[in-house]
Amino acid sequence: MNKSADIALTLPDGSVRTYPGPVTGSTLASDIGPGLAKAAIVIMVNGEQWDLSRAIEQNSDVAIITNRDDDALEILRHDAAHILAEAVQELFPEVQVTIGPAIDNGFYYDFARPTPFTTDDLVIIEQRMVEIIERDEDIIRSEMDRDAAVKFFQDMGEAYKAELIAAIPEGQAITLYRQGDFIDLCRGPHLPSTGRLGKDCFKLMKVAGAYWRGDSNNEMLQRIYGTAWRTKKELKAYLTRLEEAEKRDHRKLGIQMKLFHFQEEAAGMPFWHPNGWTIYQQIETYMRRKQKQYGYQEINTPQMVDRVLWEKSGHADKFNEHMFTVESDNRTYALKPMNCPCHVQVFNRGIVSYRDLPLRLAEFGSCHRYEPSGALHGLMRVRSFVQDDAHIFCSEDQITDECITFCKMLLEVYKDFGFEDVKVKFSDRPEIRAGNDDVWDKAEAALIAAVNSSGLDYSLNPGEGAFYGPKLEFVLTDAIGRDWQCGTFQVDYVLPERLDAHYIGTDNDKHRPVMLHRAILGSFERFIGILIEEHAGRFPMWLAPTQVVVTGITSEQDDYVRSVYEQLTTQGLRAEMDLRSEKINYKVREHSHAKTPAIFVVGAREEKENTVTVRRLGSKQQQTLDLTDAISNLTLESLAPDQR
RNA sequence: GCCGCUGUAGCUCAGUGGUAGAGCGCGUCAUUGGUAAUGACGAGGUCGGAAGUUCAAUUCUUCCCAGCGGCACCA
């Protein structure tokens with residue numbers, strides 16, 4: 001039996017529907033049921049997303065994607081971008097459109113326009129988008145030859161679109177999508193019509209500048225960001241989430257909790273206040289213990305060294321713009337932007353035998369980098385910072401073991417600070433780099449082998465390595481969902497060569513060590529910033545600037561409050577006492593707002609019985625304990641995780 | 001660095017072409033109250049900096065600085 005004209009569509013459940021000729025996704029969906037027809041967004045045809053209106057002409061495996069599928073959101077957002085572009089072109093005909101993809105949580109569209117959009121414009125544009133959704137315009141797919149498409153867009157005055165299409169290989173068919181009078185180059189797929197985006201499920205968020213094709217040599221376009229969701233409820237939930245995240249912003253909490261501040265005279269360089277510095281010191285002490293445990297030796301090197309050293313190391317070439325310099329003694333000194341060259345100097349002063357390797361030199365190294373003004377961001381991106389830096393000098397065959405041990409140490413540290421979710425990226429050779437390809441081949445292969453044996457999942461980050469070697473990046477996420485690189489592990493064959501490091505091998509000959517650059521926190525500043533957001537300012541006991549406040553119900557208990565306070569501080573606890581003649585409600589409220597983890601309240605009863613009533617942050621429950629028990633409980637809880 | 005927005009008391013913010021106001025915080029006094037705000041009084045500001053327009057600028061204009069949102073950058 002030959003029924004070749006028939007088209008058989010196999011659904012995910014294995015059932016087959018047969019049609020006498022080409023059939024569209026919409027037809028299929030309607031045949032299955034009206035509910036599905038309404039919910040359908042696109043159709044998967046042999047693993048590819050197709051528009052519902054596109055005719056399927058061959059036997060295929062198909063699956064209808066509805067707005068419940070995850071893929072649907074991306075399509076929805078992409079549609080929202082097109083509707084945005086249509087609205088802008090209607091309102092501002094002189095504007096040229098460029099690109100507008102879906103992104104996490106929403107979409108954007110880049111426009112070329114001599115004058116930027118204002119926030120008032122956004123309101124008007126948003127209204128027009130609602131109108132376009134209400135018009136429920138069909139979104140129609142069509143194909144065009146590349147050269148015809150270039151001409152088509154040129155004639156329309158859309159130079160950017162024409163440029164994009166011209167970059168597509170010749171002879172390839174271009175897909176275009178039309179909705180109303182708006183027509184755009186687009187891979188698709190799209191929803192069947194503009195009415196499928198809920199008019200109360202999206203919101204324009206902000207305007208921003210963005211370079212054409214992401215290149216800072218190009219002109220700046222006007223980008224409009226928006227968010228879009230399946231339902232109004234989802235949109236609202238997202239906006240609420242944003243608000244909540246803003247409350248955790250380390251810059252806000254840093255001021256509220258008196259942790260640190262910045263000021264004009266030292267842009268990007270934090271002033272640490274007692275509270276913030278207490279946290280910093282706890283972390284430093286912890287890291288010092290941890291490094292000792294893992295066989296590191298701590299050193300300290302100068303804040304600035306003669307430019308000559310940076311020229312030898314290659315930093316002057318690759319890093320010049322980012323170094324602060326000081327003229328003195330007829331020399332040019334550069335504030336160190338990294339510690340590595342200094343560490344090599346320390347290595348070079350010892351006659352090191354292969355028996356001494358791996359040699360692990362650690363420094364809480366204070367660095368300065370001239371970061372572009374626009375890059376500064378609270379504690380996350382600063383111009384002066386301290387790295388928990390270390391360099392492991394080792395032989396080639398020790399790289400793998402060192403990497404595995406390092407990953408273990410890093411995960412332990414992150415866990416102790418409450419971070420279980422760590423992204424790992426592998427970055428290979430960048431375009432501008434030192435060292436020849438053989439060296440890079442070797443370094444990349446060694447690092448890949450090492451990360452594989454440490455069993456971590458990682459993603460590839462092509463071309464993002466350091467100029468001297470490939471690296472692993474360990475990334476944590478802040479409250480607003482921005483990723484920040486903290487830890488790093490870099491294999492470096494180049495610097496030992498440039499700075500002439502060597503050790504004596506078993507053969508009594510000189511050998512070049514490999515240098516492994518590594519950091520776990522990255523910078524104390526950034527790490528603390530992330531820590532603040534992670535805990536929303538409610539630090540665990542071992543990190544909290546003030547661990548406990550002692551206060552009395554009335555001033556009758558002042559002497560007892562003093563005595564409790566003395567005993568707490570004698571135990572090494574970070575205690576405060578509050579002897580103000582305020583009501584207990586007021587004092588509890590204030591210390592709760594200050595995010596102090598424990599409050600010891602004492603009244604006449606407690607004084608008589610030598611007890612304290614403990615109130616813990618986040619709980620309304622009170623617990624009266626013997627003073628000695630309360631103190632020993634707190635002492636135990638105050639231990640760092642590695643000391644418990 | 002680029003585009004846009006913002007910059008007023010310690011903090012959060014209102015306001016005006018005729019040299020400023022609130023709440024919290026701070027100080028003093030009163031109050032001694034059992035777990036998220038007791039009351040009264042008081043101190044505190046060259047309105048980010050410089051120039052210009054004006055009889056008069058915190059307010060309008062220009063430049064600079066810093067912060068915020070993006071972009072680029074993050075060795």
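The figures that follow rest on heavy atoms only: side chains count, while hydrogens, waters and symmetry mates do not. Just so we're on the same page: letters track the sequence lines, and every chain starts at 1.
For the OP1/OP2 pair of B:rG1 and a distance below 4.0 Å, the side-chain nitrogens and oxygens of A:Ser373 include at least one atom meeting the criterion. Contact check, A:Arg251 against B:rC68: a side-chain N or O comes under 4.0 Å of OP1 or OP2. The phosphate of B:rG69 has OP1 or OP2 within less than 4.0 Å of a side-chain N or O from A:His377. Between A:Tyr586 and B:rC24 there is no side-chain N or O to OP1 or OP2 distance below 4.0 Å. Distances shown here put every side-chain N or O of A:Asn585 at or beyond 4.0 Å from the OP1 or OP2 atom of B:rU35. Residue A:Arg615 has a polar side-chain atom (N or O) positioned under 4.0 Å from OP1 or OP2 of B:rA36. Using a 4.0 Å cut-off, some side-chain N or O of A:Lys206 falls inside it from OP1 or OP2 of B:rG70.
Seen from the ring of A:Tyr333, A:Arg307 does not count as a face-on cation partner, given the 6.0 Å and 45° thresholds. For the pair A:Arg433 and A:Tyr468, the cation-pi test (distance below 6.0 Å, angle within 45°) is failed.
The base of B:rG1 is not paired with the side chain of A:Tyr370 by any donor and acceptor separated by under 3.5 Å. Not a single donor-acceptor contact under 3.5 angstrom links the side-chain atoms of A:Glu321 to the base of B:rG1. Judged by distance alone, with hydrogens and angles left aside, A:Ser555 brings a side-chain donor or acceptor within reach of the base of B:rU32, the pair sitting under 3.5 Å. Residue side chain A:Arg223 does not reach the base of B:rC71 through any donor-acceptor N/O pair under 3.5 Å, judged by distance alone.
Other residues, nucleotides and ligands contribute at most 12 non-hydrogen atoms within 6.0 Å of the CD atom of A:Glu321.
Each of A:Arg381 and A:Met220 was matched to the nucleotide of RNA chain B holding its nearest heavy atom; the match closer to the 5' end belongs to A:Met220.
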